[in-house]
Amino acid sequence: MDILNKLNKEQQEAVVNTDGPMIILAGAGSGKTRVLIHKVLYLIQEKGIDPTEILMVTFSNKAAGEMRERMELALDSPSLPIVSTFHSLCARILRRHGVNIGIPHNFVIYDTQDQLATVKECMSLLDIDQKQARPKAVLETISSAKNQMIDAKTYSEFAKGYFQEFVSNIYPVYEGMLVENNALDFDDLLLKTLRLFSEDKNSLEFYQNSIKYLLIDEYQDTNSAQYLLSKYLCGKYKNICIVGDFAQSIYSFRGADFRNLERFKKDFPDSKTFQLSQNYRSTQSILNAAHSVISNNSTHPILKLWTENAAGSDLRIHEANDGHQEAEYIIQTVHTLQKSDPLLNLSDVAVLYRMNAQSRTLEEVFLHLGVPYKLVGGVRFYDRKEVKDVLSYLSLLSNPKDKIARARLEKLGKRRFANFEEYLENFTKNNLAESKKTIDILDEVLEKTKYLEKYDENDSEDLARLENIKELRSVAIEFPQLIPFLENVSLVEAEYLPDQKKGDPNNAITLMTLHAAKGLEFKVIFLVGMEEGIFPHSQSLFSISDVEEERRLCYVGITRAKDHLYITYVKERTLFGQRSNSTPSRFIFELPEDVREINNITYDGGSPNFL
DNA sequence: GCGCCATGAGGTACG
DNA sequence: CTCATGGCGC
């Protein structure tokens, strides 16, 4: 039983309890991934379960990829469990069985850009001026309705207030347009699968029979549709293991509801709960700080973490005059750290901030002082114009009904589009979607439309675009069949690597938002811009639950740190060209008293904590 | 069909 | 301040 050897007692229990519904409350840095991997190993090697009857659902494709990699390593067998996100899983289900509820197998998946174009199209159809309502706001409202599983018909009864009532007129038109275009948006992938399961018992049973063990990670960030899906999927064997942490729920703004972790207990009264509370990542003082802050939340349980790690040096709070000096402080501090620890690599250091707009000042200073950095985030590969253009051609070939793609392509030039239509006609007539290889289609389309001629390879920006298309070609080679190719590109977020002008990426400081840092760890963490209005963000100050989410985000940030944590704020912040005086974040005043004392942060009575 | 300018908006972000 | 978008003129 050497599977269990390397696990602590809590972890072992969570692993060997295989059958029936169960909840694993896994604190930050408690070895959650390890437990999941070992659980799968245990199921296969000790209980003789066929790997393909195990389904693991992860939060992101990135997480799924990492999980798959680790399992491949551990299992050493060609047969592996299925690891997928809810969205990928649903897309696959709908390709196969969606036709049973009238969804053709060649549907396209609309991303945010396509959705927005659809909303605009609807608005112009309804003769609504874009000044009357921002299409983006309309889309957000529709999407939030979908997240709450309110369909277009019932939304008009549900709509409250002027704007929602206004949107309730657009919502059905939007839905109609998706059907007409044979398109599903991301929310639809979940919703239509639910509909399939409720209307077509055969499909439901097919999947229920094939899933003997279901494991779902990051359950605190599931939405209602995902909650229901998980219930459906484990419906036959009821071997469902959900893993999550209330204190790390940071996506309620897009429909996630941490209460799903509790709801589960009501729906599965015989479920068992396990806790992973030993932390292997951070020093005790970092854990104390994290706990001290998160304890101010009252709407969810909090797991108290402990560690055998050393106490650690006291964490620092630093006040800078402005954003530039804040950045300089980071560089100075890293420099000092490296003097006392020559093994400390720049890749051990991350700077976390609340919003992307904060990265600019940091970049400016880093660039100026020649400090290598790696910026995480920004425009994603598949969202880039040139990539999206080329994909739209292919998408229209697969699904000629897609008017949004058609409109996009028409804008690239009438003659170009006429040439393409010629190709399209022949393509459809001979049903080439089945037989022709993706890469050949792609090359023929580029040839036919002379799309590449739009760009001048002597222009560096254009050259980058041409490179991206090259990159797309290599993906096309990987997926010779058109539909799987399109599915991959719409579901699998590819990280776009901005031109590596900053040299060795392994020796660079990472800059990213707190959201992007979820699941990661670094020896040294800088939590910057800890000011009221930035963190917590000004738009969160109106509701207690929003401030609590900000606090969880702060908790996530603190718990990313292994050895050193630096928290900084400025006296004067320039944001969007507007300079203003800042107040230290309320979260600073929630740190343990001794930390504040050492850092000379005294509570001045003028509480920013007005909620 | 492209480029210029005015306008406006500016949280976080997975699929 | 900066970026994206849309309208309009050439």
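Remember, predicted model here, so these are calculated numbers, not experimental data. Protein chains get the first letters and strands the later ones, always in sequence-line order, with residue 1 at the start of each.
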Touch check for Gln130(A), heavy atoms < 4.0 angstrom, all strands: base, sugar-phosphate only, or nothing?
sugar-phosphate
Tell me: CG of Leu412(A) to P of dC2(B), nearest whole Å?
9 Å
Between dT12(B) (P) and Tyr555(A) (OH): distance, integer Å
24 Å
Before you tell me yes or no, could you show the steps for Ile525(A) and Tyr566(A) under side chain to side chain contact (heavy atoms under 4.5 Å, CB included), namely the whole-Å CA-CA distance, both residues' side-chain angles and the distance that decides it to 0.1 Å?
CA-CA 6 Å; Ile525(A) 289 283; Tyr566(A) 298 87; over 6 Å; no
Checking contacts here: which listed nucleotide (dA13(B), dG15(B), dG11(B)) is nearest the side-chain heavy atoms of Phe186(A)?
dG15(B)
Is the distance from OP1 or OP2 of dG6(C) to the nearest side-chain N or O of Lys120(A) less than 4.0 Å?
yes
Between Lys136(A) and Arg416(A), which has a closest nucleotide on DNA chain B that is more 5'?
Arg416(A)
Report which part of the nucleic acid Phe86(A) touches: base, sugar-phosphate, or nothing (heavy-atom distance under 4.0 Å, all strands).
nothing
Tell me the interatomic distance from Ile216(A), atom CD1, to dC14(B), atom P, rounded to whole angstroms.
20 Å
Is Glu550(A) salt-bridged to Arg354(A), going by a charged N under 4.0 Å from an acidic O?
yes
Across the strands shown, which category fits Asn356(A) at heavy-atom distances under 4.0 angstrom: base, sugar-phosphate, nothing?
sugar-phosphate
With rounding to whole Å, what would you report as the distance between dA4(C) and dA13(B) at their P atoms?
16 Å
So, is Arg380(A) near the phosphate of dC14(B), with a side-chain N or O under 4.0 Å from OP1 or OP2?
yes
What is the distance, to the nearest angstrom, from the CG atom on Asp383(A) to the C1' atom on dG15(B)?
11 Å
Using whole Å, report how far CD1 of Ile109(A) lies from C1' of dC14(B).
14 Å
I'd like the C1' distance from dT5(C) over to dT12(B), given in whole Å.
23 Å
In whole Å, what is the span from the CG atom of Asp129(A) to the P atom of dG6(C)?
12 Å
Could you tell me whether Ser538(A) contacts a base, only the sugar-phosphate backbone, or nothing, with contacts defined as non-hydrogen atoms closer than 4.0 Å?
nothing
Give a yes/no answer on whether the side chain of Arg573(A) brings an N or O atom under 4.0 Å of OP1 or OP2 in dC1(C).
no
Is it true that Asp114(A) and Arg408(A) have a side-chain N and a carboxylate O under 4.0 angstrom from each other?
no
Heavy atoms under 4.0 Å, any strand shown: does Lys414(A) hit a base, just sugar-phosphate, or nothing?
sugar-phosphate
Side-chain contact check for Thr112(A): nearest option of dG15(B), dG11(B), dA13(B) is dG15(B)
Quick check, does Phe576(A) stack with dC1(C)? I mean ring centres under 5.5 Å and planes off by under 30°.
no
Side-chain donor/acceptor of Glu550(A) to base of dG11(B), under 3.5 Å
yes
Gap between atoms OH and P, on Tyr353(A) and dG11(B) respectively (whole Å)
13 Å
Any stacking of His537(A) on dG11(B), going by centres under 5.5 angstrom and planes within less than 30 degrees?
yes
I want to verify a distance call: between dG11(B), dG15(B), dC14(B), whose nearest atom is closest to the Phe59(A) side chain?
dC14(B)
Just N and O in the side chain of Thr513(A): are any of them under 4.0 Å from OP1 or OP2 of dA13(B)?
yes
OP1 or OP2 of dT12(B) sitting under 4.0 Å from any side-chain N/O of Arg254(A)?
no
So Lys518(A), base contact, sugar-phosphate only, or nothing? Heavy-atom distance under 4.0 Å.
nothing
Grab the two heavy atoms, one from Leu466(A) and one from Glu457(A), that are nearest each other, plus how far apart they are.
CD1-CB, 3.8 Å
Would Arg552(A) count as a cation-pi partner of Tyr555(A), with NZ or CZ less than 6.0 Å from the six-membered ring centre and within 45° of the ring normal?
no
Test of ring centre spacing under 6.0 Å for Phe186(A) and Tyr110(A):
no
Describe the nucleic acid contact of Glu410(A) in one word from base, sugar-phosphate, nothing, applying a heavy-atom distance below 4.0 Å.
nothing
Return the 5'-most residue of the pair Leu514(A), Lys411(A) with respect to DNA chain B, ranking by each residue's nearest nucleotide.
Lys411(A)
Distance under 6.0 Å and angle within 45° of the ring axis: does Arg95(A) meet both against Phe107(A)?
yes
Between CG of Leu520(A) and C1' of dA13(B) the distance, given in whole Å, is 14 Å
